[in-house]
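Following: one structure in structure tokens, then a few remarks.
Because only heavy atoms are used, hydrogens play no part in the values below, and waters and symmetry mates are left out as well, while side chains stay in. Note that the structure is a prediction, hence the values are computed from the model and not measured. Just so you know, ligand 1 is whichever comes first in the structure, and atom 1 is the first atom listed for that ligand.
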Amino acid sequence: MTDLWNEALQGLQPRLGQETYELWLRPLTVAAVEGRTIRLRAPSLFMKEWFENHYMEAVLDELEARTDSRYVLDLEVDPTARQPTEPGRAEPAAAEPHPGSQTNPQLGGHREATTSAPQVASVATHPTVEIPRQVAPPPVGLSERYRFDTFISGASNELAASAARAAAEQPGTRFNPLLIYGGVGLGKTHLLHAVGHSLYESDPSRRITYLSAERFMNEFISAVRHNLFDQFRRKYREDCDVLLIDDIQFIAGRDRTMDEFFHVFNALYEAGKQIMVTSDRTPSDMEGMEERITSRLNWGLVADIKSPDLETRVAILRQKAEAERIAIAGDVTVYLAQQVQSNVRELEGALVRVATFADLKGVPITTGFIREVIGETTKERRSAPITVEAVQKAVASHFSVRIADLKGPRRHKGISRPRMIAMFLSRELTGSSFPEIGLRFGGKDHSTVINACKRITKLSAEDPELRSAVDHLREQLSR
Ligand code: ADP
Ligand code: MG
């Protein structure tokens, strides 16, 4: 019987592809055969469900073609499946060149450090007594809104969402590491946060570390500079049960940071800790990323997110409108979803913009009103994302001020107006968060950015000249 099973799977391989076969079919094992019922074991609930929803039919057809009889496949989750690993102690990665030390001036040049000379000193610094942990501090930096129950699944993100759920169900097992990649504003960060929330809620003793790759780099550099590397190392290699890193492509080409990430990855992976990263491209497209890192990122599951289809966009708009208590009729929602196709961030931005203007004018949201507000620009949006830097540049040149002044502290009206407009447009067009925008404007507080956006919304309604400047800039940037 097992032979028939294997033959059927092999027969399917050319049709489904090698990758599908390896990932979803081969891990299933035949547990028993009773008449026309084949009992199969899957390594996890996720694998079981994915198989049932996607490949079961094809396998049944193949079996029927070979035997002329219809079988029933009955799947169970393997009871001996590897359980989430208990937080153990990470092996100290051997011979990490000590940052800042004279003997290793070139950190990034130390390629295959894991096989280097034994290190004695670091072993002594590890305590041998395990201190029982009760509750870890809640993960820092996770947005309350980004949870699984606010994530709408559709064909465009199904694999990524399912894999994220599986990683949250059984961390450190099959989908480790998990890499989610896709274009801007498609929900990568949302899923990353959702995994963090879920893992913390199911076990509050888990130490969950979430941060952007940029922040990882900055912390690393600062640790090296201030001789706090031991602390850094402990934080990421030892006192961490789940590592969530956003926009990992950022470290490509930054040798020292890549080297450090490599060691962190190894330490956590070997200790069975879940690692999840997001990226705007596949590992093989990460120019400047070391091969030893891209190959590790491919060890687990790499899942993509594509632009959402109309149905998903409508569902997302409905949810958002409900959460923000925006009154918008069903057919109008569909119309808006048809206008904004590129990504979810723009879609949400368009809804908020339309709702804000409708509110200011005291009119209901209709298709005509949407057309008026978002115009034709969104439809022809170029695919490259608009950056805060591009907004600053356009605003600076429009008002003939210096970019340095936009980022600086001067409160003179000739500067502060353009600065507020630049903040407003950054918020509207780039989808960056308030703190992020503040940071890019010379490290201003997020409340300054919020106030700027409020002011400009209000002024646009009162001052036609200002409104036309904003409209002009928006159009110019969106072209
Ligand atoms: P990315 O990290 O891919 O650039 P984000 O995760 O920041 O994108 O998503 C942008 C916005 O769109 C967020 O507000 C997020 O909540 C929302 N979003 C994206 N995808 C979905 C989805 N499938 N369901 C609900 N909201 C979504
Ligand atoms: Mg993101």
Side-chain angles (χ1 to χ4, degrees), residues 139 141-165 167-168 178-198 210-217 244-252 276-282 285-286 302-324 326 333 336-337 340-355 378 381 383-388 426-437 439-440:
L142 299 184
S143 161
E144 267 313 307
R145 291 190 300 122
Y146 295 172
R147 292 172 173 278
F148 280 126
D149 56 10
T150 53
F151 191 85
I152 309 273
S153 286
S156 58
N157 58 32
E158 195 186 5
L159 177 61
S162 308
R165 280 179 206 275
L178 174 60
L179 167 68
I180 308 277
Y181 75 91
V184 65
L186 295 180
K188 302 181 297 294
T189 300
H190 190 134
L191 283 178
L192 195 64
H193 287 211
V195 168
H197 284 304
S198 171
Y210 160 79
L211 77 172
S212 67
E214 182 173 5
R215 170 105 189 266
F216 179 83
M217 181 186 85
L244 310 169
I245 296 198
D246 215 354
D247 293 316
I248 192 71
Q249 78 278 352
F250 182 85
I251 66 167
M276 176 173 172
V277 301
T278 69
S279 161
D280 65 355
R281 62 201 79 170
T282 63
D285 284 341
M286 292 178 198
V302 177
D304 70 334
I305 304 194
K306 296 194 181 68
S307 291
D309 53 25
L310 181 64
E311 229 183 320
T312 312
R313 297 202 301 278
V314 171
I316 290 171
L317 279 181
R318 290 228 166 97
Q319 174 183 269
K320 180 88 179 163
E322 203 180 300
E324 308 268 329
I326 297 169
T333 311
L336 183 56
V340 188
Q341 307 182 352
S342 48
N343 71 55
V344 182
R345 188 175 293 156
E346 290 208 6
L347 189 66
E348 289 186 342
L351 176 67
V352 170
R353 183 139 51 98
V354 167
T378 33
R381 275 275 159 86
S383 47
I386 301 170
T387 61
V388 173
S426 296
R427 174 66 184 164
E428 186 184 300
L429 299 176
T430 72
S432 306
S433 66
F434 291 123
E436 200 175 323
I437 295 171
L439 214 63
R440 295 187 190 276

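- Within the coordination shell of the Mg ion (ligand 2), defined by N, O or S atoms under 2.8 Å, Thr189 is present.
- The minimum heavy-atom distance linking Ala350 with Leu336 is given by the pair CB-CD1, 4.2 Å.
- Residues Val388 and Ser432 approach most closely at CG2-OG, 3.8 Å, considering heavy atoms.
- Counting heavy atoms of neighbouring residues, nucleotides and ligands inside a 6.0 Å radius, atom CZ of Arg281 exceeds 12 of them.
- Nearest heavy-atom pair, Pro308 versus Val344, reported as atom, atom and distance to 0.1 Å: CG-CG2, 3.9 Å.
- Here the options are His190, Glu158, Lys188, the test is side chain to side chain contact (heavy atoms under 4.5 Å, CB included), and the partner is Ile305; only Lys188 passes.
- What sits closest to atom 3 (O) of ligand 1 on the protein, heavy atoms only, is Lys188 NZ, 2.7 Å.
- Where the criterion is an N or O separation shorter than 3.5 Å, residue side chain and backbone included, Leu186 meets it with respect to ligand 1.
- Annotation: atom 12 (O) of ligand 1 to nearest protein heavy atom, Val344 CG1, 3.1 Å.
- Between atom 7 (O) of ligand 1 and the options Glu348, Arg313, His190, Arg345, the minimum heavy-atom separation is to Arg345.
- Val195 and Leu244 get closest at one heavy-atom pair: CG1-CD2, 4.2 Å.
- For atom 4 (O) of ligand 1, the nearest protein heavy atom (residue, atom name, distance) is Gly185 N, 2.7 Å.
- Between Gly183 and ligand 1 there is a heavy-atom distance shorter than 4.0 Å.
- In terms of protein heavy-atom proximity, atom 24 (N) of ligand 1 is closest to Ile152 N, 2.9 Å.
- Taking each heavy atom of Ala321 and Leu351 in turn, the nearest pair found is N-CD2, 3.9 Å.
- The N/O atoms of Thr189, backbone and side chain alike, include one that comes under 3.5 Å of an N/O atom in ligand 1.
- The shortest contact between atom 25 (C) of ligand 1 and any protein heavy atom is with Thr150 O, 3.2 Å.
- The closest side-chain donor-acceptor pair between Thr278 and Asp246 falls under 3.5 angstrom.
- Close N/O approach between Val184 and ligand 1 is not found [any backbone or side-chain N/O within under 3.5 Å].
- Of the possible donor and acceptor atoms, one in the side chain of Asn343 sits under 3.5 Å from a partner among the backbone N and O of Glu346.
- Here the protein heavy atom with the shortest distance to atom 13 (C) of ligand 1 is Tyr146 OH, 3.5 Å.
- Taking every heavy atom of Asn157 and a limit of under 4.0 angstrom, the matching atoms of ligand 1 come to 23 (N).
- Atoms of ligand 1 found under 4.0 Å from any heavy atom of Gly187 (numbered from 1 in listed order, with element): 1 (P), 3 (O), 5 (P), 6 (O), 8 (O), 9 (O), 19 (C), 20 (N).
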